[in-house]
Amino acid sequence: MAAFRANGWIDNNGIANSLTKKLEHGNLQAFLNEVKAQNGKHINAEAAGYLLRDAQLLLNILRKIRDVKEREHDIFHHNRLGSYETGV
């Protein structure tokens, strides 16, 4: 956020700080919501576009990772249960 603030693309220290805190706490959905709400107000439209694009990409990656972990978990438990049932 510091670069966006320094370039004047975010014109409010409170907004920049709020966005930074959301990222530090991993709250990407709240970050996206705030950027959308401030787009064209305290956040330059071009900067908002970059922030929204990058945050959405990261959110999509994290969702895919979560989905893979859930599938691995399901496979692991299915295989464990199968081995108990067959005595293997």
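Starting from 1, each residue takes its place in the sequence as its number. Everything quoted here is computed from the prediction, not taken from an experiment.
The line from NZ of K64 to CG of L62 is 11.5 Å long, rounded to the nearest 0.5 Å. Atom OG of S18 is separated from atom CD of Q38 by 8.5 Å, given to the nearest 0.5 angstrom. Within the model, atoms NZ of K22 and CG of N17 stand 9.5 Å from one another, a figure rounded to the nearest 0.5 Å. The CG atom of L52 lies 11.5 Å from the CG atom of L59; values are rounded to the nearest 0.5 Å. Here the CD1-CG distance, from I43 to L51, works out to 6.0 Å after rounding to the nearest 0.5 Å. In this structure, D11 CG and R5 CZ are separated by 6.5 Å, a value rounded to the nearest 0.5 Å.
Take N60 and apply the side chain to side chain contact (heavy atoms under 4.5 Å, CB included) test, not counting sequence neighbours, and it matches Q56, R63. Residues passing the ring-ring contact (aromatic ring centres under 6.0 Å, His included) test with F31: none are found, sequence neighbours excluded.
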K21 vs E24, test: salt bridge (Lys or Arg N to Asp or Glu O under 4.0 Å). Steps then yes/no.
CA-CA 5 Å; K21 292 296 180 191; E24 288 174 353; 3.5 Å; yes

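Note on ring orientation: taking the six-membered ring where Trp is involved, the planes of W9 and Y50 are parallel (angle under 30°, cut-offs 30° and 60°).
T20 places a side-chain N or O within 3.5 Å of a backbone atom of A16 that can act as its donor or acceptor partner. Remark: side-chain polar atoms of N39 are not paired, donor with acceptor, to backbone N or O of V35 under 3.5 angstrom.
Put simply, the side chain of N7 does not reach to within 4.5 Å of the side chain of N44, judged on heavy atoms. Between L19 and F4 there is no side-chain heavy-atom pair separated by less than 4.5 Å. The shortest distance between side-chain heavy atoms of L23 and M1 falls below 4.5 Å.
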